[in-house]
Amino acid sequence: TQNGVLLSNFANGTYTVYGLPPGTYQYMLTAQGIRNLNGEEIVRSLQSGPVVITVNPPPAPVDSAEKVAASLNTNRVVAGQPFVATVTMRNTGETTWSPEGGYALSMPDNGLVYWNAASSAVPAVIPPGQSATFNVTLTPSTGAANGGWYGVTFQMQRNGSWFGLSTGQIGFFVWQPVNSAEFQSQS
C-alpha cells in the first residue's frame, strides 16, 4: 500500500511507481503465507513495518558558459578613444539564455566603470549547446599615465549573478594620445 491505498496484487516481482510529485510517502508490504501440514492449511498474514520515502523536487537547472573566442577590433588602443571587444560565449548549461531572462555578458571586478562600458544582453534566445556573440564598446581612461599594459575579463551574468567560466584576461597596450602640435618654423 502507498499511504493506505492498495497499489498492486503481485504475487512476486518489482512494482515501480513513476511520476510521483514531491512529497513524503509511506509504503507497507503485505503478504499471506500459506502452509499445508498433514492436510491442515494454515494461513498467516505478514506485514512489513512502514517504509517512508521522500521525493524531492528536481534540482533547479544549471547556468553555465565557456569562452569560444575573444578579440579586439584594433591593434592600437588609445586612451580616451573607444574600441570594441568581440566575445563569443557557448551555453554549456541546462537553461536557455534570453534577454528577458536577464542573461548578459558583463565585466567582473568593477570593470564596467573602469572601462566606461555597459553589460550586453544576449542578442537572441540561446539554447544549451549554442553560442552568442557580443560586441562590447570599451573606452580606456585618459588618466592612464604614459599608457601601459591592461586587460579585460568578461563573464556571463543572470540578473546580476555570475555563472560559468570567464574569458580569462584579454591583454592589450593602451597608448596615450599624441599631442596635435605642428612644426611651424625653425630659426
Side-chain angles (χ1 to χ4, degrees), residues 19-24 54-187:
L20 283 176
T24 301
T54 301
V55 177
N56 295 319
V62 174
D63 283 321
S64 192
E66 68 182 2
K67 176 186 89 170
V68 174
S71 63
L72 304 178
N73 72 333
T74 181
N75 290 330
R76 185 170 173 86
V77 175
V78 179
Q81 295 180 10
F83 67 101
V84 175
T86 300
V87 178
T88 302
M89 300 293 282
R90 179 179 296 117
N91 181 348
T92 57
E94 302 168 338
T95 59
T96 297
W97 301 346
S98 69
E100 301 78 25
Y103 288 90
L105 182 73
S106 195
M107 300 174 73
D109 302 325
N110 210 22
L112 294 177
V113 173
Y114 188 81
W115 293 102
N116 192 27
S119 292
S120 297
V122 292
V125 172
I126 310 297
Q130 299 300 306
S131 297
T133 299
F134 304 85
N135 293 307
V136 182
T137 300
L138 306 166
T139 304
S141 166
T142 56
N146 299 322
W149 283 101
Y150 291 88
V152 292
T153 301
F154 296 93
Q155 190 170 357
M156 291 300 297
Q157 239 184 22
R158 180 180 186 190
N159 296 322
S161 295
W162 301 103
F163 69 88
L165 300 173
S166 77
T167 58
Q169 195 168 69
I170 304 164
F172 50 89
F173 192 86
V174 175
W175 299 87
Q176 283 297 317
V178 176
N179 293 335
S180 59
E182 291 180 29
F183 178 75
Q184 297 291 321
S185 68
Q186 182 176 349
S187 0

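This structure is a prediction, so every number in the text was calculated from the model and none was measured.
- Remark: the backbone N or O of Gly101 is paired with a side-chain donor or acceptor of Ser98 at under 3.5 angstrom.
- Between Met107 and Leu138, some side-chain heavy-atom pair lies under the 4.5 Å cut-off.
- Side chain of Asn73 to backbone of Val84: a donor-acceptor contact under 3.5 angstrom is found.
- Here the side chains of Met156 and Leu105 are in contact, with some heavy-atom distance below 4.5 Å.
- Side-chain atoms of Asn91 come within 3.5 Å of backbone atoms of Ile126 as a donor-acceptor pair (strictly under, hydrogens ignored).
- Taking the side chain as every heavy atom from C-beta outward, Pro108 and Trp162 approach each other to under 4.5 Å.
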Practice prompt. Please test Phe172 against Phe83 for ring pair (Phe, Tyr, Trp, His ring centres under 6.0 Å), starting from the C-alpha separation and ending with a verdict.
Written response: CA-CA 12 Å; Phe172 50 89; Phe83 67 101; 5.3 Å; yes
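- Between the side chain of Gln157 and the backbone N or O of Ala104 there is no donor-acceptor pair closer than 3.5 Å.
- At least one side-chain heavy atom of Thr96 sits under 4.5 Å from a side-chain heavy atom of Pro128.
- For Thr133 and Thr88, the side-chain atoms include at least one donor-acceptor pair closer than 3.5 Å.
- When every heavy atom of Val78 is checked against every heavy atom of Pro140, the shortest pair comes out as O-CG, 3.6 Å.
- Note: Tyr103 and Trp97 have parallel aromatic rings, judged against thresholds of 30 and 60 degrees for the angle between ring planes.
- Side-chain contact check for Met89 versus Glu66: every heavy-atom pair is 4.5 Å or farther apart.
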List the steps, then state whether side-chain contact (heavy atoms from CB on, under 4.5 Å) holds for Phe134 with Phe154. CA-CA 10 Å; Phe134 304 85; Phe154 296 93; over 6 Å; no
